[in-house]
Amino acid sequence: MSLGVIGCGKMGGALVEGAVNAGIIEGKEVFLFSRREEAAQNLALKIKGEVLPSLEILLEKSDTVLLCTKPGDLPTLLSSLGRFENQPARFISVAAGLSLAHLEQAYGSGIPMIRAMPNTPSLIGQGAAAYCLNDHASATDAAEAQKILGAVGIAHQVPEKLLDAVTGLSGSGPAFIYVLIEAMADGGVKMGIPRNQALELATQTVLGSALMVQQSGMHPAELKDMVTSPGGTTIAGVHSLEQNGFRAAIQNAIETSARRSQELGSS
Ligand SMILES: NC(=O)c1ccc[n+]([C@@H]2O[C@H](COP(=O)([O-])OP(=O)(O)OC[C@H]3O[C@@H](n4cnc5c(N)ncnc54)[C@H](OP(=O)(O)O)[C@@H]3O)[C@@H](O)[C@H]2O)c1
C-alpha cells in the first residue's frame, strides 16, 4: 500500500499520523505534497515520510490519494490532477460539503472516489468518521478507506445522503462538546470552584461519562436513571436542563450544522 497526501494541514496530518502510528502503513510508503513545502516537510519529519516535488510524481507513486485541502481549493486541484497520465487506484476526499458528483465533475473522468467526513479527535486516535463511495468504487476501495479512517478512531460507511447529517453530528460535534465542557467549568466557577479544578472536573466528567456509555453498552437514559435518586440533586439539575431546552438546543445545533453543510455543498 502507498498513500499520497495532498494538503498537509490539520486533517491531513491527523489522518496520516494516525495511520502510521496504528501501524497500518509505514512512513516510507507515505508521499506528501502541500502548497507550502514547509507544511509537508514538518509532517514528513514526524512520520518519516517523503515530500514529493510535484503532484504528478505523487499520483504516480500512490495507490490511494487523500485529498486534504480546504473545500474551496479542491475543485481546481482535482481538475489539474485529472490531466496527468498516471492516476492512483482511488481518491479519498475529506472536504466538507463537496458531493461525490461535484468531485467527479471537477476531476473529469471516472475513478473510484470516496467522500469522507472525519473529525478532529482523529488527531489523538479518537476520531469518528463516516464515508460514502461513488459508483466506480469497489469493496476493495471501501476496505482501504475503512482501514485509513479506522486507524484514527471509528469509521462507518453510509449512503451519501447522510453525509451532511454526519457533518452536523460528529464533524461539528467536537465544538459542541467543547462548549459544554467550558459551560460546565463556568458553572463550577460560579459556585466557587477554582477555574483550573473546575475545568479538570468538567473534562473528566465528560470523558468518564462517554466511556461509561461506550463500555457498559447501556443506553444513556438508563445510566442517567441510575444517578438520579428520588428528590435528589441530580434530578433537580436534569429538570433545569429540560426547562431550558437542553435536548432541543443540541438537536437544533446538529440540524443547523447539517443544513449549513448542505448549503455549502450546493453553493
Ligand atoms: N479540521 C476539521 O475539523 C475537519 C473536520 C472534517 C473535515 N475537514 C476537512 O479537512 C480539509 C482540510 O481541513 P484542515 O482543517 O486540515 O485545513 P488546513 O489545516 O488549512 O489544511 C489544508 C492544507 O491544504 C493545503 N493546500 C491548499 N491548497 C492546496 C493545493 N492546491 N495543493 C496542495 N496543498 C494545498 C494548505 O496549504 P496552506 O498551508 O498554504 O494553506 C493546507 O496545508 C477540509 O476540506 C475540511 O473540510 C476538516
Side-chain angles (χ1 to χ4, degrees), residues 3-19 30-47 49-59 62 65-84 88 91-100 102-103 106-107 113-132 145 148-149 152-156 158 160 162-179 254 257-258 260-265 267:
L3 183 65
V5 183
I6 305 179
C8 300
K10 291 183 282 298
M11 195 43 75
L15 289 174
V16 79
E17 268 193 77
V30 178
F31 304 109
L32 306 169
F33 183 89
S34 207
R35 191 158 54 189
R36 280 177 311 108
E37 199 189 321
E38 193 193 345
Q41 291 290 4
N42 289 341
L43 183 56
L45 271 180
K46 286 191 203 159
I47 59 158
E50 186 180 348
V51 178
L52 294 180
S54 75
L55 289 169
E56 189 172 8
I57 303 176
L58 182 135
L59 294 193
S62 311
V65 171
L66 269 178
L67 300 165
C68 298
T69 69
K70 291 284 191 200
D73 292 316
L74 193 48
T76 314
L77 172 70
L78 267 174
S79 71
S80 72
L81 296 181
R83 291 200 285 270
F84 294 121
F91 286 106
I92 302 178
S93 159
V94 298
L98 286 187
S99 67
L100 287 168
H102 207 132
L103 298 170
Y107 177 71
M113 192 83 82
I114 292 130
R115 176 185 167 196
M117 175 45 59
N119 68 5
T120 40
S122 305
L123 277 164
I124 53 163
Q126 295 294 334
Y131 61 94
C132 57
I148 292 164
L149 297 165
V152 288
I154 62 158
H156 287 291
V158 298
E160 184 169 28
L162 292 183
L163 249 272
D164 291 315
V166 168
T167 305
L169 175 58
S170 49
S172 306
F176 308 154
I177 300 301
Y178 302 142
V179 172
I254 291 166
S257 179
R260 180 70 187 134
S261 172
Q262 269 168 358
E263 266 171 36
L264 289 174
S267 61

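The shown structure was predicted, so the numbers you read here are calculated from the model rather than taken from an experiment. Numbering of ligands and ligand atoms starts at 1, following listing order.
- For the atom pair CG of Leu15 and CD1 of Ile148, the computed distance is 8.5 Å after rounding to the nearest 0.5 Å.
- Formation of a donor-acceptor pair under 3.5 Å by the Ser34 side chain with backbone atoms of Cys8 is found in this model.
- For ligand 1, the protein residues placed under 4.0 Å by at least one non-hydrogen atom are Ile6, Gly7, Cys8, Gly9, Lys10, Met11, Phe33, Ser34, Arg35, Arg36, Cys68, Thr69, Lys70, Pro71, Asp73, Leu77, Val94, Ala95, Ala96, Met117, Pro118, Thr120.
- For Lys10, there are no salt bridge (charged side-chain N to carboxylate O under 4.0 Å, His left out) partners, not counting sequence neighbours.
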Please report the C-alpha distance between Val30 and Leu32 in whole Å, then the side-chain angles of each, then the deciding distance to 0.1 Å, and finally whether the side-chain contact (heavy atoms from CB on, under 4.5 Å) criterion is met. CA-CA 7 Å; Val30 178; Leu32 306 169; 3.7 Å; yes
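- Panel note: side chain Ser62, backbone Val65; no donor-acceptor pair is recorded below 3.5 Å.
- No option in Leu78, Val5, Asp73, Ile92 other than Leu78 meets the side-chain contact (heavy atoms from CB on, under 4.5 Å) test with Leu67.
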